[in-house]
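Notes follow once the structure below has been shown.
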Amino acid sequence: MREHRFSRATYRLLLRTYPREFRERFARDLDSDFLEMARSRGAASAWRRALSDLFRAVPLTASDAAAERARTARIGGPIVPPGEPFMRSLLFDLRHGFRALVKAPAFTIITILTLALGIGANSAIFTLVNAALVRPLGFQDPERLMLIYESIPGSGRDRFGVSPADYIDLLQYQQSFSNLGAYRTTTVELSGGGEPEQVDAATITASLFDVLGVKAAEGRTFLAGEDQSQSSVAIISHSLATRHFAGRSAVGATIAIDRQPFTVVGVMPAGFEFPRRGASSNATPADVWMPLVFTPSQRQARGSNYNLSVIGRLREGAPPAQAVADLSALAIRIRDNYPADLPLKITIGAVPLREELSGQVRRPLLILFGAVALVLLVTCANVANLILSRSLARQRDIGVRAALGAGRLRLFQVLLSEALILAAFGGALGLVLGYWGVRAIPAIATTSLPGVSTISLDWRVVAFTSVIALGSAALFALVPLAAGHRRDLHDLLREGATRATGGRRQHRVQGTLVVASVAFAFILLVSAGLFVRSFRNLVTVASGVGTTNVLSAQVRLPLTGYSEATRTRWFYRTLEERLRSLPGVRATSVASDLPLEPDGE
């Protein structure tokens with residue numbers, strides 16, 4: 001016991017070689033540990049361990065204590081010990097992490113650019129997914145809207161539109177929907193305000209906007225009787241009103257549609273798009289809406305003109321499956337109205353409007369989204385490896401913090417602050433790259449995607465980018481912490497002093513990250529190869545129609561001035577002769593429909 005008291009007194013004197021901050025916090029613990037070791041293993045073993053710690057730790061703790069005092073003086077406040085408010089310590093760590101990253105510009109720039117590429121690819125594809133699959137349709141209670149279609153077994157097509165005569169029967173017989181509306185798209189000549197232009201238009205029943213649950217931003221929508229007789233009224237889009245009226249009110253103004261005067265009775269809200277892209281037919285967004293008036297022959301014709309798109313709003317509490325069953329039963333009743341010499345066995349079905357608009361693109365978009373998610377995983381694996389390699393140079397700092405009593409949560413906060421800075425800059429740059437990437441996608445690749453014409457960086461895209469950036473930051477902070485969580489404090493201090501290359505566990509983590517990165521990259525490479533091969537096979541399929549050096553154009557003549565067949569034929573013959581006389585033109589032709597293009601008739 002006397003020997004232990006003498007050794008303990010001597011050890012207490014040696015503890016004074018540590019900095020004052022270190023002694024105030026840890027001298028009592030070190031003293032008790034020394035005494036316990038002397039009693040259990042003997043004084044010689046305790047002194048060997050104590051002297052080894054002194055020679056290694058005193059220079060480190062002294063230099064780091066001096067550096068901490070200098071940093072404290074620069075930031076104008078004390079070093080935050082454990083127990084201080086979280087935000088105060090986090091701000092301190094963020095300032096410290098920012099200065100550390102500034103001192104390593106090559107590492108910082110490479111890491112931010114790598115993160116930006118991975119996050120940017122995900123942001124670009126999520127922007128498309130958001131526009132096509134996530135963003136609301138802009139209609140009231142869209143889950144209650146269903147698209148109604150007709151099918152003719154043996155026709156070679158899955159579905160058609162609805163004929164006017166069958167639509168009238170549906171209005172009379174159906175019980176599952178509170179209301180129905182029909183429309184079809186067309187192009188019209190718009191004149192009366194400068195050079196004439198061709199614009200996309202839609203003729204709609206007066207009930208359609210009520211079915212959709214939308215109202216005009218200015219003026220009104222169509223009245224109930226305006227689709228029963230020829231009414232020269234029109235509703236225009238906000239973009240068309242802005243282009244043609246330059247801030248003036250368009251309501252009450254007269255425009256010439258196909259050289260006939262129409263009175264503008266309403267302007268739809270900004271951003272309103274109808275028809276929506278993605279539908280199997282009548283999927284071109286319109287700038288002009290006019291009343292759909294059925295002629296007497298259309299009301300009575302059976303077996304033709306299957307070109308109407310019909311939307312119904314389910315009654316309150318009516319399930320979609322029940323509506324589909326009711327329509328299937330109604331088809332038998334409607335078939336009875338067909339002439340006996342026209343044995344068409346039509347069927348009637350319905351699908352939710354959201355499914356109709358996005359069903360064809362949902363799977364390809366989700367597959368593409370999964371592919372870029374793998375790109376992000378490869379990016380995270382590479383960046384985590386960079387950060388883990390950089391953490392070797394920070395072993396001394398981590399060891400000293402642990403020696404000063406920093407817990408695992410505090411060490412995680414230190415690592416997280418630096419990762420947050422990298423992820424914030426990488427996420428912001430990735431958001432910009434993603435937006436540019438979406439804008440760089442060729443227009444031909446997006447004309448069939450619903451909602452793509454109104455792509456914007458809304459809160460969903462920003463929130464998604466922020467989540468993956470924060471998730472990446474947490475991963476980057478956990479990897480170096482997990483790589484050394486079982487390592488002894490003395491090992492950390494020793495490696496920091498001798499600039500060792502890291503422990504066995506750290507090498508295993510780095511090897512795992514490399515293997516994961518190569519595996520994900522291999523999956524992407526194989527998938528890309530299969531995609532390129534499938535695309536090559538698709539474009540080389542012989543369609544039976546020669547398309548090399550062949551151009552097509554659509555021409556629509558207004559009824560006014562071309563109501564007689566002789567004048568219409570004269571126009572097309574003259575057009576064909578003039579085209580044939582152009583240099584480089586070998587042959588011309590005029591047709592009502594292009595090959596392989598369904599007309600729905």
Side-chain angles (χ1 to χ4, degrees), residues 128-152 157-163 166-167 169-171 173-185 202 204-205 207-215 271-286 306-331 334 346-367 369 446-454 460 598 600:
L128 296 179
V129 172
N130 177 54
L133 306 179
V134 179
R135 186 186 298 168
L137 296 178
F139 310 139
Q140 182 182 359
D141 298 331
E143 67 278 358
R144 292 173 53 199
L145 297 176
M146 300 191 72
L147 181 82
I148 301 173
Y149 61 88
E150 291 188 280
S151 299
I152 303 177
R157 291 183 58 186
D158 292 337
R159 66 174 68 172
F160 291 87
V162 179
S163 68
D166 293 349
Y167 170 70
D169 288 344
L170 283 174
L171 285 176
Y173 299 150
Q174 67 84 24
Q175 299 293 329
S176 300
F177 300 92
S178 59
N179 204 352
L180 300 179
Y183 66 95
R184 61 175 170 234
T185 56
I204 66 175
T205 59
S207 60
L208 182 63
F209 283 152
D210 289 335
V211 171
L212 298 177
V214 295
K215 298 184 180 300
F272 174 77
E273 180 183 289
F274 188 83
R276 301 273 296 187
R277 297 188 187 275
S280 57
S281 61
N282 294 320
T284 304
Y306 293 101
N307 54 20
L308 292 180
S309 293
V310 178
I311 296 178
R313 176 172 290 275
L314 289 170
R315 295 185 184 275
E316 288 286 349
Q322 181 62 44
V324 172
D326 292 345
L327 289 174
S328 179
L330 279 179
I334 292 177
I346 65 165
T347 61
I348 302 177
V351 293
L353 184 60
R354 166 71 81 175
E355 180 180 333
E356 167 68 15
L357 297 179
S358 61
Q360 298 180 6
V361 300
R362 176 183 296 275
R363 187 172 182 180
L365 280 179
L366 293 181
I367 292 175
F369 189 56
T446 58
T447 52
S448 61
L449 294 179
V452 171
S453 59
T454 57
R460 297 177 186 85

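The analysis underlying the following values was restricted to heavy atoms, covering all of them including side chains, and did not include hydrogens, waters or symmetry mates.
Considering only heavy atoms from C-beta on, Pro285 comes within 4.5 Å of Arg277 through its side chain. Side chains of Met146 and Pro320 form a contact here, defined as non-hydrogen atoms less than 4.5 Å apart. For the pair Leu330 and Gln174, the minimum side-chain heavy-atom distance is below 4.5 Å.
In this structure, Thr205 contributes its side chain and Ala182 its backbone to a donor-acceptor pair below 3.5 Å. A donor-acceptor pair is defined here as one N or O able to donate and one able to accept, closer than 3.5 Å; such a pair exists between the side chain of Ser207 and the backbone of Leu180. The backbone N or O of Ser176 sits nowhere less than 3.5 Å from a side-chain atom of Gln322 that would complete a donor-acceptor pair. Between the side chain of Ser151 and the main chain of Asp158, a donor-acceptor pair closer than 3.5 Å is present.
Aromatic ring pairs are classed by plane angle as parallel below 30°, tilted from 30° to 60° and perpendicular above 60°; the pair Phe272 and Phe209 is perpendicular.
Going from atom CG of Asp141 over to atom CZ of Arg313 covers 5.5 Å, rounded to the nearest 0.5 Å. To the nearest 0.5 Å, the span separating CD1 on Ile311 from CG on Leu353 amounts to 5.0 Å. In this structure, CG on Asn179 lies 7.5 Å from CG on Leu171, to the nearest 0.5 angstrom. For the atom pair Arg276 CZ and Ser358 OG, the distance stands at 10.0 Å (nearest 0.5 Å). How far CZ of Phe274 is from CD1 of Ile204: 7.5 Å, rounded to the nearest 0.5 Å. Atom-to-atom distance recorded for Ile148:CD1 and Ile348:CD1 is 8.0 Å, nearest 0.5 angstrom.
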If you apply the rule side-chain contact (heavy atoms from CB on, under 4.5 Å), what do you find for Val351 with Arg159, and how did you get there? CA-CA 11 Å; Val351 293; Arg159 66 174 68 172; 4.0 Å; yes

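Nearest heavy-atom pair, Phe160 versus Arg157, reported as atom, atom and distance to 0.1 Å: CE2-NH1, 3.5 Å. Residues Phe139 and Glu273 share a closest heavy-atom pair of CZ-O, 4.2 Å. What you find for Ala279 and Ala283 is that their closest heavy atoms are O-CB, 3.6 Å. Here the closest heavy-atom approach between residue Leu314 and residue Arg144 is recorded as O-NH2, 2.6 Å. Closest non-hydrogen pair, Ala350 versus Val324, comes out as O-CG2, 3.6 Å. The two residues Ala323 and Phe177 come nearest to each other via the heavy atoms CB-CZ, 3.9 Å.
None of Thr347, Leu327, Ile346 except one satisfies the side chain to side chain contact (heavy atoms under 4.5 Å, CB included) rule with Ile334; the exception is Ile346.
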